[in-house]
Amino acid sequence: MYVLDTNVFIDAANAYYAFDLAPGYWDFLVRLFVSQHAVSIKSVYDELGDAGDGDPLKDWAKQHKQHFIAPDLRVVACYQQVMAWAKDNYEPSAVSEFQRVADSWIVAHALANGWVVVTHEKSAPRSKRRIKIPDACAALGVECLNPFMMLRQRGMSLAL
C-alpha cells in the first residue's frame with residue numbers, strides 16, 4: 001500500500017499531469033484508492049484545502065475525501081516515535097516545520113501500517129534546517145519512492 005504525500009498531488013497538477021492534459025493520471029490515482037493500493041491522509045487533505053476557491057486540485061480532493069484517512073492509535077504512537085527522532089537529529093526550527101506540515105504524519109502512517117511513502121521530495125541527509133521525508137523514512141525503516149517509480153510499479157501508462 002502506498003501513502004501519497006501532498007506534493008504528489010500539487011506537483012502533478014501544476015507540473016506533470018495537469019487535469020486538462022492528463023486526466024488519466026487522476027483516474028489512475030482514484031483506481032489506486034478504490035482498489036486499496038493507495039491512500040493519503042487527512043493532513044494532506046487539509047493542506048490541499050488551503051488553496052483558493054475554484055482550485056481544481058482542491059475540488060478533486062473534495063470529491064475523493066474518503067480516501068484521505070485520519071490517524072488511529074497506532075499512527076499516533078508512531079507519530080511520537082517520528083517526532084522523537086526528529087528532535088534528536090534536527091534544529092528546533094526544522095522540527096517545528098516538520099510538525100506543522102503533513103510530512104511527519106505521512107511518515108507515521110507509513111511506519112504504523114508498513115506502507116510505502118510516495119513523494120517528490122529529494123533526500124538531503126546533511127541538512128539540519130529542513131527535514132526531508134526520504135530522510136525520515138530511511139532513518140525509521142520506511143520504504144520511500146518517487147511518484148514515477150510508483151506509477152511504473154503499478155503499470156500506469158499514459159497512452160494516447
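Keep in mind that the numbers below use all heavy atoms, side chains included, and drop hydrogens, waters and symmetry copies.
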Say whether, by atom type as modelled, one donor and one acceptor occur between the side chain of [X] and the main chain of [Y] under 3.5 angstrom.
X	Y	value
S40	L4	yes
S35	R31	yes
D72	R74	yes
E47	V101	no
W26	Y17	yes
N146	M149	yes

Could you tell me which residues satisfy salt bridge (charged side-chain N to carboxylate O under 4.0 Å, His left out) with [X], sequence neighbours excluded, listed by chain and number?
X	answer
D53	K58
R130	E121
D46	K42
K62	none

Close side-chain approach of V30 and V34, heavy atoms under 4.5 Å: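 Side-chain contact under 4.5 Å: yes.
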
Validation row: L48, I10 side chains within 4.5 angstrom (heavy atoms):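 Side chain of L48 against side chain of I10, heavy atoms only: contact under 4.5 Å found.
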
A124: side-chain contact (heavy atoms from CB on, under 4.5 Å) partners, not counting sequence neighbours: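 By the side-chain contact (heavy atoms from CB on, under 4.5 Å) rule, A124 matches S127, K132, D135.
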
Exceeds 12 heavy-atom contacts within 6.0 angstrom, atom NZ of K65: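 It does not: K65 NZ has 12 such atoms or fewer within range.
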
Heavy atoms from other residues, nucleotides or ligands near CD of Q36 exceed 12 (cutoff 6.0 Å):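 At most 12 heavy atoms, drawn from other residues, nucleotides or ligands, come within 6.0 Å of this atom.
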
Least distance between heavy atoms, V3 atom then A110 atom: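 That would be CG1-CB, 3.9 Å.
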
Centroid-centroid distance, Y16 to Y25, less than 6.0 Å: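 Ring centres of Y25 and Y16 not closer than 6.0 Å.
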
Aromatic centroids of F9 and H120 separated by under 6.0 Å: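 No, ring centres 6.0 Å or more apart.
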
Salt bridge (charged side-chain N to carboxylate O under 4.0 Å, His left out) partners of residues 79-92, not counting sequence neighbours, each pair once: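 Of all non-adjacent pairs touching residues 79-92, those that pass salt bridge (charged side-chain N to carboxylate O under 4.0 Å, His left out) are E91-R129.
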
Criterion side-chain contact (heavy atoms from CB on, under 4.5 Å) on H109 and V117, from CA distance to verdict: CA-CA 9 Å; H109 276 268; V117 172; over 6 Å; no

From Y2, F33, Y45, W60, residue fulfilling ring pair (Phe, Tyr, Trp, His ring centres under 6.0 Å) relative to H67: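 That would be F33; it is the only one of Y2, F33, Y45, W60 passing the ring pair (Phe, Tyr, Trp, His ring centres under 6.0 Å) with H67.
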
Spacing of F98 atom CZ and W85 atom CH2 [to the nearest 0.5 Å]: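 Answer for the CZ-CH2 pair, F98 versus W85, is 5.5 Å.
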
